[in-house]
Each structure stands twice: as structure tokens, then as C-alpha cells.
Amino acid sequence: MEKYNKLSTLPLGSINPRGWMLEQLRRNKEGLGGKLPELEPRMIATPYTTRETEPRWGEERKAGWGAEISGNYWNGQIELAFTLGDPELIAMADKWVDEVLANRCADGYLGTYTETDDIYDDYNAWGSACGMNALLSYYSATKREDVLKAVYDCMLWFCDKWAGDKKTRYGGVSIVSSMSEVYLYTGDERLIKFCEDYYDFLERNDLFDKSLKAFLDPHLNYNANHGAGYAESLSHPLEVYLMNGNKKYFDATINAYRKARDKVMQKTGGITCESEYLAPVGAIVETEYCGIAMLNHSLAKMLYTTADPEYADMMERAVFNAGEGARKKDEKAIAYLHSPNQIFATAHSSYADGHHQVYAPCVPVSCCPVMSVRLLPEFLRYSVLKGEDGSVWFSAYSPMKVNAGDISFETETLYPFRDTIEYKVSAAAPIQKKLYFRIPDWCKNASIKVNGKDSGAVCAAKSYAEIEGEWKDGDVITVTFPMEVVVSKVDDSDRCSKFPIAIEYGPLLYCLQIPESWDAYPGTPYTPLPEGWHWYNVNPIIPPSGLDVYDDMGQRKHLISWNVALDENITADQISVELLEPAGYPWENPPIKLHAPAWKAPYSYPPYASKTMNPYGDKGRVSVTHEMEIELIPFGCTALRISYFPRADK
């Protein structure tokens, strides 16, 4: 079988977290990662094991939503379990897998639908793909052949039952992801034919711009597709390419990604999702948490296929900014939707509908909480890849230990808060091997040293630096990525042409943190939450003025800390960087701050708003008596913030 991917993954469990990443995943085990099946059992625990799903979803949706949400949770749980190497989580995964296999139908079907459900429902293929991907992750870690056989049989069931035009136009095409992975194990060409037939069907029946024709079109149509759904579907043509080598499928994914990068990706790395559909970027345009995890997966597949470092750059941007910035730091709640500028995260602050900006462990429908479990383990899983010649490719960076078979590497780096990553080599005997290190696109003067001496590697931005040598136990490889402040104007011309200012340093977006109050309340979960679990309205804190209530009404606009604007000609050298002594978990206590000159713009936001609003006009009128300095911290360390700053009208 010919292979079309330039790189390959290591078995699940080969990359383990260290440092802050280990702390975060341990918190996740005690939070959403380990507890979601207890919080919402019929939504998450039982859909695949007993086909019991949440009845309050309604008969027409419960089997499909159960498939999607439960399948995605277990994919994340399995990746978390083996990434941590945690015996309790692994036992939990073992039990689920055994019960799913025991629940197989005689004809090979392995999903959540019963004989009374419509097997041609769109969610059947989509949801089943989520569950099959979980089982395939489990197979990567364990090599249990009965698991692969069960997924293979289920794929053949779809090849049979969904043959010809018995396909759907929205999410069903997601099944090609499972088909592709099973094909790479089995070489069964029936799986190729099914996937090619699916795209032929979409060419004739496209409704959501998912066809090859739509992906290859130079234009991206806002409102054409669900934002998270577009992020997920980006990789699907590429996964067909991995089976058939047809470059049209490859080109479709790459072109669709470039359109998304240029039109619907925020500086946070998140993809837009206004009223859940693709929309122009802007300060208050939301990103759905599902879309972050789905985008990371699509980028990882593009990286795996092409070895193009751009996709790893974008993975880091999405995970370290959008991914971290919508998580409660104890890992017990996430925000379904969030935006670059966010003054409120409450049950009433979303422009989409309902309680989607509130922080909660499990909201109906809980697609986003379960995908938050998957995000970081999958990021780690694709951070280090291998070449056909046995080479090791360091593509995305965080503290980790990598077991590459005949050689291991370990680092406890503070990246992305610091610029240096030091790998310690472990090897039973000296070994000759090529190593490749991604040089980020934002880094101009990277360097790599081996045992304190310059490696001689060419370290050009947006490339891989190659080092070949004989590696022995105890060798130390030091990679340094000097960071510089980058100031840019956000192109929001398709929305409102305000061109706000964004400030980045290395892979991180920086923002003005808004003081926040976490106000717990019971929420409206389907299953009452146990003690210690809550929904949260996150509200801004405004200091008292010391005036009486009537005078205070006039003074609040001056007291509001987020009423600031930046000179539109501000330069990077006007912004200073302060490195702080690390003090605990860095996403709670960032070990870095930036300091920038700013202007008080007291009329930017209404004093008594309950939603985040765009300032009126293209610039913010300032008070010349209130020139000031503001302190900026990483976006991922905040829940409320301003990261797209209005330009000052001085």
C-alpha cells in the first residue's frame, strides 16, 4: 500500500506531559476529564454501552446527539488516560471499550441507534464516527485486535447500508475520518470507494459548502456552514487523499484551510462561530469550544501529511490562546462560546442565544465540554512525529517526555511563557538519528545547542532545523526561540472596519485582564450537579468611586478599567516585557507581563451593559488627562479581557 503522509504518529501513550501540562491534565482528571460520565450519565456514559440516551433531547435527536457527545468524550478520555498513563483512567477506558464491543449488533453495527431509529439519519454517520475514532485511539495505545476488527466491521456496515446516494449533506461525511484510518490498517479498497462516492454525492447535493468544488473555490462564504463543523470538515478531503493519493482531495483541504486562515480565524487561533455559523472576524465575534478542538485535529492531520510547520504554528496559537482562555483553571467548567473582547461571561451575555458564554461543566448540548477533554491530549499526541527513516520531528512545544522507541527526550520547559526548551536525551546505547525542530514563523533568531555548543543547524523561521548526530544518554539539546513583541491591526473590514490593535509575543496573544467575580449558581443541567460543581456567571468587578449613588452613575465610565484605547501608531519598542519568578500553575499566575502606553477612553463602553459591545465609531475618544500605562497578560490566563484594542482618537 502506497503511503501519502510524510510523517507518522507515535503510539498513543508515547508522549507524556511534564511541568505545567502535567498539572493541567491531572486537574482535568479530577475535573471534566474524569467526571463527566457521572455528571451526565445518559448523555455520556451509556449511549454506546446500553444505547440509553438522554430522553429530554427528543426522539428525533437523542440517538444522534448521544453518539456525537459520548463518542467525543470517550475519544478525549482515552487520549487523556494513556497520555497520563493513569491506571484509574485506563481502567475506566477498558471498561467502556469492553461494554461497547459487547453491545455490537450481529450485522456489525456499533453505534447508538436502535432498530426503531432512522439508520439514514445524518447523525448516525457523524456520531458513529466520533465513537469509532475513540475506539481507534484505544487501539493505537493497546493494539487490541478485537477492537480494530469491531471498528472495521462497523465501517463495512456503512459501506453496505449507506451505499449509493443513501448519504447525508451535513455531518455524515465525518465518517471518512474513521474510514481512512481503518483503510491504513487494512488496505480494504471498499473503504476508498465509499469515501469517493460520498464526495461524488456532495458534488451533486452540497448544502453546507463541504464539497470538493466548494473547498476549491477561492471564495469563502460566510453563513455557509457551522463554524465548528467547518473546522472539523477541513481535514476530511485530506483523509481521503491519504487513501487514494488523488491530489484534488489534498488541494481541497489546503485551499479550504487558507480561506479560513485569512477570513474566519481570530488572533486567538479560534474559528468564528456567530450564531454558530462562519462570520467575519471581530472583537466580539465568538468561537465555539468544539471548533478549537476540531481545528486542532484538522491542523494536526495537515501537519502529519505535509510536514509543513505552518500547521504546528497554528496549533499552538489555537491551543495556547483560545483553548486555554475558555477553561476554568480547576478544569471543572468551560465556556461554550467566548470572544477576543469579553466583559461578561454569563447566562445572558452571548449574542448567539441562551447561556452559551456561561462557564459550566455540562450544558445541553454538551458537545463543547467533552471536546475540551480531548484538546490537550491530542495536541500532545501530534506534537512530536516520526519520519519514515526513523527521524524524530519536534513540531509543537510544551513540557513533555517523548518515548520514540530507541531514544527518549524529556523537557520541563515553561514555554510558551519562556523562550527556551531544554531536552535531556535518554538512550540505552549511542544511536545515530536525525532530529528536526520546528522554527516558528514569528521567530527570527532561533538557535539550537547540543551539550552547550552551537549545533550548526540552519534555523530559518517557518522551517524545520535538521540535526544529525550520534546521540547518547545524558546529551542535552537546548532550543531557544527569542520572542519579540508584534503589534498588528486586525482586519475586520468585512464586518465594521474598526481595525483594532492586537499585541502578540511569541505564540501568545496578550490582553488587558478585566477583574472578575465568579458567581456560582445551580444552572440547568439535565442531571443535578454534585457538591462542589457549579455553573458560573463571570462578571466584571468595578471599584467603588466613594461618591454617592447619583454621582457614581456619572463617574462609572471613568472607573471602568477596560475603557482604554491605544495609539494606532504604537510600535513594538514602546511595549516592555517583564519576566516574573514562576509561582505555581502558570495559567493561574502568569510568569510574564507586558506593559504598554494607553489612553483613557471613558466613552468606549456603556456603564450598565450586560453584553460586550463594540465601541461606536472607528476610534475611541480619549481623555488627554488620563494618559496611562496598562498591564497585559496572556489571553489564556483570563476569562474576561480586552485583546482587540480600539484605536485612540486623540
Side-chain angles (χ1 to χ4, degrees), residues 6-26 79 81-87 90 140-143 303-304 307 309 312 316 376-377 379-440 443 446-459 463-482 582:
K6 292 187 177 179
L7 302 174
S8 300
T9 56
L10 297 164
L12 177 59
S14 300
I15 303 174
N16 308 119
R18 293 291 183 266
W20 67 255
M21 182 68 82
L22 178 59
E23 170 71 13
Q24 182 162 11
L25 295 189
R26 282 176 172 168
E79 291 185 322
F82 288 98
T83 297
L84 278 174
D86 185 274
I90 291 172
S140 174
T142 65
K143 298 305 177 188
L303 172 66
Y304 160 95
E316 287 191 353
L376 289 161
F379 172 78
L380 273 175
R381 189 176 179 182
Y382 284 89
S383 291
V384 182
L385 300 165
K386 62 180 180 180
E388 286 297 303
D389 60 354
S391 55
V392 180
W393 295 63
F394 296 86
S395 296
Y397 300 105
S398 64
M400 66 179 77
K401 181 177 181 180
V402 182
N403 179 358
D406 47 12
I407 190 170
S408 296
F409 307 86
E410 186 166 5
T411 178
E412 302 247 357
T413 180
L414 256 179
Y415 185 91
F417 306 98
R418 293 290 191 270
D419 63 6
T420 300
I421 306 162
E422 184 177 275
Y423 293 96
K424 295 179 180 178
V425 176
S426 297
I431 182 171
Q432 191 77 19
K433 191 175 288 289
K434 290 182 181 178
L435 306 180
Y436 293 85
F437 294 88
R438 170 187 133 259
I439 309 301
C443 185
S447 65
I448 302 176
K449 294 182 178 180
V450 178
N451 297 326
K453 297 180 180 179
D454 181 44
S455 67
V458 177
C459 296
S463 72
Y464 279 93
E466 177 186 334
I467 305 176
E468 184 172 13
E470 183 178 77
W471 305 100
K472 62 184 184 302
D473 196 57
D475 282 342
V476 176
I477 304 166
T478 306
V479 184
T480 305
F481 300 129

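Nothing fancy with the numbering, it's 1 onward along the sequence.
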- request: Find the distance between OH (Tyr423) and CH2 (Trp471) and round it off to the nearest 0.5 Å.
  value: 12.0 Å

task: Rounded to the nearest 0.5 Å, what's the gap from CG on Leu10 to NZ on Lys386? Could you check?
output: 6.0 Å

- prompt: Quick one: which of Arg18, Lys401, Lys424 gives a side-chain hydrogen bond (donor to acceptor under 3.5 Å, both in side chains) with Glu410?
  reply: Arg18

query: What distance do Phe394 atom CZ and Leu435 atom CG have between them, rounded to the nearest 0.5 Å?
result: 5.5 Å

message: Measuring from atom NZ of Lys449 to atom OG1 of Thr480, what distance do you get when rounded to the nearest 0.5 angstrom?
response: 7.0 Å

- request: Indicate yes or no: at least one non-hydrogen side-chain atom of Pro582 is less than 4.5 angstrom from one of Phe417.
  value: no

field: Check: Thr411 side chain, Ile421 main-chain N or O, donor-acceptor pair, under 3.5 Å
entry: no

task: Name the orientation class of the two ring planes belonging to Phe481 and Tyr397 (parallel below 30°, tilted from 30 to 60°, perpendicular beyond 60°).
output: tilted

field: Sidechain-backbone polar pair: Thr413 side chain, Thr420 backbone, donor-acceptor under 3.5 Å
entry: yes

Minimal non-hydrogen separation, Met400 against Leu380, with atom names: CE-CD2, 4.0 Å

- request: Mark yes when over 12 heavy atoms from residues, nucleotides or ligands other than Arg26 sit less than 6.0 Å from its CZ; otherwise mark no.
  value: no

task: Supply the atom-to-atom distance Ile448 CD1 to Thr478 OG1, rounded to the nearest 0.5 angstrom.
output: 10.0 Å

task: Give a yes or no on whether Lys453 atom NZ has more than 12 heavy-atom contacts from other residues, nucleotides or ligands under 6.0 Å away.
output: no

message: Under a plain distance cut-off of 3.5 Å, with no hydrogens placed, do Ser395 and Tyr464 share a side-chain donor-acceptor pair?
response: yes

query: Any donor-acceptor pair under 3.5 Å linking the side chain of Ser426 with the backbone of Ser408?
result: no

message: What's the separation between atom CD in Glu412 and atom CG in Leu22, rounded to the nearest 0.5 Å?
response: 8.0 Å

